[in-house]
Colleague: 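Take this structure first; my questions come after.
Numbers restart at 1 for each chain; the letters A, B, ... are given by sequence-line order, proteins then strands. What you see is a predicted model; the values in this text were computed from it and never measured.
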Amino acid sequence: MTKDQIADVLREIGVYLELTEDSPYRALAYKRAARTLLHWPHWKLPEDLGDIPGIGEKIAAAIREIQEKGESELLERLKKKVPPQILPLLRLPDIGTKVLRILIKEGYADIAQVVEGARNRQIRKLPGLGAKTEKALLKGIEILEKGLEVMPIALAWPLANELITILQEWPEVNKIALAGELRRGVEQVRSIDIILNLTTDSERLVQRLPSLNLFKEIKGQDKGKVVFVTHFGIDVNLFTVPEEEWGYWLVYFTGSEAHFQRLEKLLPPEKKEFKQEREVYQSAGLPFIDPEVRETGEEVSRVKEEGIRLASDQDMRGDLHCHSTWSDGGSDIAELVSMAQQMGYEYLAITDHSQSLKIAGGLSQERLMAQRAEIEKIRGRLNNFTLLHGVEVDILKDGRLDYPDEILAGMDLVIASVHSHFRLDRHTMTERVSLALKNPHVDILAHPTGRLIGMRQPYELDVEAIIDLAAVTGTYLELNSSPDRLDLSPPYLEMAKARGVRICINTDAHNKDRLRDINLGVKTARRGWLSPEDIVNTRTSTDLLKLLEKRQ
DNA sequence: GCCGTTTTCGGCCCGACTGTTTTCAGTCG
């Protein structure tokens with residue numbers, strides 16, 4: 001169990017405590033401990049967990065238990081007190097633990113009952129709830145039911161990677177690779193698809209699967225295919241294929257279906273003996289088509305006409321959005337810089353929050369200047385690495401920015417973003433963001449739509465108008481690589497590219513390890529057909545500085 | 001459940017918005 005997974009169990013305990021206990025503070029303690037762990041800047045936790053602030057005797061014991069057994073007895077006990085089918089309602093906007101508590105208390109045990117209660121106007125009669133909550137439930141459930149069968153990439157991606165890391169060590173496994181929607185970078189996936197070449201028959205593999213931490217049960221078994229369910233509620237499909245047909249089946253199981261069908265027509269009939277994926281495309285008379293753009297089938301003719309050169313991880317030379325301990329980050333500036341250097345970057349911008357975002361420890365103007373001093377000190381020790389002093393300034397409700405222009409003018413880099421008043425109507429929101437774009441000090445608009453995949457809809461915003469405006473003002477739009485954001489999404493990336501708007505792929509990392517999340521951002525960029533030249537932070541440090549200077 | 005020296009009890013990240021409420025509580029960053 002990684003510390004992030006432990007944090008997730010603690011958070012879950014917190015949620016269940018909120019649902020079952022009268023006093024909110026025990027729950028708060030667990031949630032706070034979860035956050036602390038998540039932000040803990042080292043992979044290894046200290047020997048004495050009690051040294052970590054917010055973790056005392058009980059929670060330390062809980063962490064040990066989770067580390068050793070992979071589960072928590074307290075959590076299992078709490079789970080028994082809550083009807084499991086009603087829990088997904090927590091993901092709905094405006095529905096939190098308090099509303100859910102009332103519903104549970106009143107005997108609602110699953111979503112169907114809640115829908116019925118809402119339709120019959122019974123829910124508004126419950127103490128503490130009203131017509132608006134009833135409406136929010138109905139509307140939310142409608143969206144939820146569409147999304148219930150899928151898992152956001154933010155969860156599925158690490159899960160799949162962990163699984164592959166474990167499986168490839170097994171003696172039964174000769175070759176292993178990720179396939180399916182996840183390999184293509186689809187935002188919400190229906191399953192984790194993995195293809196394998198085995199040294200034994202698949203029976204041996206099946207016998208061993210229950211030893212996996214995340215294994216729940218075998219769901220189905222067919223020749224060449226094993227499906228099992230994980231504790232995280234997602235299916236894992238394991239496809240076993242012969243080594244000499246590896247390339248063929250990797251293309252087949254990566255999909256999409258439409259892509260494969262289109263491709264198949266160009267292949268010699270019946271031939272499956274392709275050891276490498278590249279050979280499949282070669283045989284079809286095509287350049288290699290990257291998995292991320294294998295979608296509609298149209299890409300087959302598109303690469304024939306236009307060729308293909310998508311950005312890759314190796315093209316990235318820096319990150320222009322991350323948070324340090326000065327605001328709500330978990331690593332200090334020196335740690336962030338050191339990680340960026342390890343990743344082979346040439347530059348990094350520290351961009352902590354601005355003053356009005358109190359909960360995130362937004363910096364007052366005085367603190368911002370104090371941070372400048374620290375940055376300059378660290379700069380003095382750096383060779384061949386550019387450390388920029390930036391800021392993520394809040395776009396206030398009326399479109400003004402959270403610092404005066406004089407302050408912004410003095411920054412190396414200014415990122416503007418929305419963190420409050422999410423529910424303005426489309427016109428007002430578009431005006432608000434436009435105003436920020438028109439400020440000449442703003443270099444980048446961060447997470448432009450504010451969506452959280454599978455959790456929060458984007459706010460009402462005319463993104464097309466924003467892209468058009470960005471083309472005029474020369475503002476860069478961010479592709480935020482935080483796995484639950486991936487914002488802008490591929491269709492907008494393509495639109496931006498077509499209109500000459502440059503994209504900046506940033507992690508928005510809140511601790512040094514998260515700087516590595518750039519990979520999902522790059523994957524998303526590839527889905528939007530972005531080439532290195534469409535992306536700002538593929539530039540060398542010299543070119544980047546020139547670009548930023550020109551914008552001043 | 002955790003924390004602390006102005007507290008070993010009585011607080012618990014801040015502030016705005018909104019819904020259900022008529023003076024406050026839940027949700028969301």
Colleague: Between B/dA16 and B/dG11, how far is it from one P atom to the other, in whole Å?
Modeller: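 Roughly 23 Å separates the two P atoms.
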Colleague: Who passes salt bridge (charged side-chain N to carboxylate O under 4.0 Å, His left out) against A/E73, sequence neighbours left out?
Modeller: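 With sequence neighbours excluded, A/E73 shows a salt bridge (charged side-chain N to carboxylate O under 4.0 Å, His left out) to A/R77, given in chain and number order.
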Colleague: Closest nucleotide of DNA chain B for A/A360 versus for A/L129: which of these residues is on the 5' side?
Modeller: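 Looking at DNA chain B, the more 5' nearest nucleotide goes with A/A360.
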Colleague: Suppose we screen for ring pair (Phe, Tyr, Trp, His ring centres under 6.0 Å). Which residues come up paired with A/Y345, at least two apart in sequence or across chains?
Modeller: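 Partners of A/Y345 by the ring pair (Phe, Tyr, Trp, His ring centres under 6.0 Å) criterion come out as none, since no residue qualifies.
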Colleague: If you measure from the P atom in B/dC14 to the same atom in B/dT21, how many Å do you get, rounded?
Modeller: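 Each nucleotide's P atom is 29 Å from the other's.
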Colleague: Within the 4.0 Å heavy-atom criterion, would you say A/G128 contacts the bases, only the backbone, or no part of the nucleic acid?
Modeller: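 Touches sugar-phosphate only.
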Colleague: I'd like to check the side chain to side chain donor-acceptor pair (under 3.5 Å) partners of A/E181; sequence neighbours left out, ordered by chain and number.
Modeller: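 Only A/R190 meet the side chain to side chain donor-acceptor pair (under 3.5 Å) criterion with A/E181.
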Colleague: Suppose you measure atom C1' in B/dC3 against the same atom in B/dT8; what distance do you get, rounded to whole Å?
Modeller: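 Looking at atom C1' only, B/dC3 and B/dT8 are 10 Å apart.
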Colleague: Would you classify A/R101 as touching base, sugar-phosphate or nothing, given that sugar-phosphate means primed atoms plus P, OP1 and OP2, and contacts are heavy atoms under 4.0 Å?
Modeller: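 No contact.
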Colleague: Taking the nucleotide of DNA chain B with the nearest heavy atom to each, does A/R35 or A/D94 sit closer to the 5' end?
Modeller: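 By nearest-heavy-atom nucleotide position, the 5'-most residue is A/R35.
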Colleague: Could you tell me whether A/L357 contacts a base, only the sugar-phosphate backbone, or nothing, with contacts defined as non-hydrogen atoms closer than 4.0 Å?
Modeller: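 Result for A/L357 = nothing.
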Colleague: Sorted by first residue and then second, give each ring-ring contact (aromatic ring centres under 6.0 Å, His included) pair with at least one member in residues 459-491 of chain A; sequence neighbours left out.
Modeller: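 Counting only pairs at least two positions apart or across chains, the ring-ring contact (aromatic ring centres under 6.0 Å, His included) contacts touching residues 459-491 of chain A are A/F422-A/Y459.
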Colleague: Pick from A/H321, A/H353, A/E392: which one makes a side chain to side chain donor-acceptor pair (under 3.5 Å) with A/S417?
Modeller: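 Single side chain to side chain donor-acceptor pair (under 3.5 Å) partner of A/S417 among A/H321, A/H353, A/E392: A/E392.
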Colleague: In whole angstrom, give me the gap between the P atoms of B/dA25 and B/dT20.
Modeller: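 It comes out at 15 Å once rounded to the nearest Å.
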Colleague: Classify the nucleic acid contact of A/T97 as base, sugar-phosphate or nothing, counting any heavy atom under 4.0 Å across all strands shown.
Modeller: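 Sugar-phosphate, no base atom in range.
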Colleague: If the condition is side-chain contact (heavy atoms from CB on, under 4.5 Å), which residues does A/A370 pass it with, not counting sequence neighbours?
Modeller: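 So A/A370 forms a side-chain contact (heavy atoms from CB on, under 4.5 Å) with A/W326.
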Colleague: Any strand counts, and the cut-off is 3.5 Å on both contacts for Watson-Crick or G-U wobble. Which nucleotide pairs with B/dT27?
Modeller: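 Across any shown strand, B/dT27 pairs with B/dA16.
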Colleague: On a whole-Å scale, what distance lies between the C1' atoms belonging to B/dC13 and B/dC2?
Modeller: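 These two C1' atoms come out 15 Å apart once rounded.
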Colleague: Hey, does A/L92 reach any base, or is it just sugar-phosphate, or nothing, if we go heavy atoms under 4.0 Å?
Modeller: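 Sugar-phosphate, no base atom in range.
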Colleague: Nucleotide range of DNA chain B contacted by chain A, 5' to 3', under 4.0 Å to a heavy atom?
Modeller: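 First and last nucleotides in contact are B/dG1 to B/dG29.
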Colleague: Please state the P separation for the pair B/dC17 and B/dC12 - nearest whole angstrom.
Modeller: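 It works out to 22 Å between them.
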Colleague: Please name the residue in the list A/R119, A/K125, A/R124 that meets the salt bridge (charged side-chain N to carboxylate O under 4.0 Å, His left out) test with A/E134.
Modeller: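 Among A/R119, A/K125, A/R124, the one meeting salt bridge (charged side-chain N to carboxylate O under 4.0 Å, His left out) with A/E134 is A/R124.
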Colleague: Have a look at B/dT5 and give me syn or anti from its glycosidic angle (syn if within 90° of zero).
Modeller: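 In terms of base orientation relative to the sugar, B/dT5 is anti.
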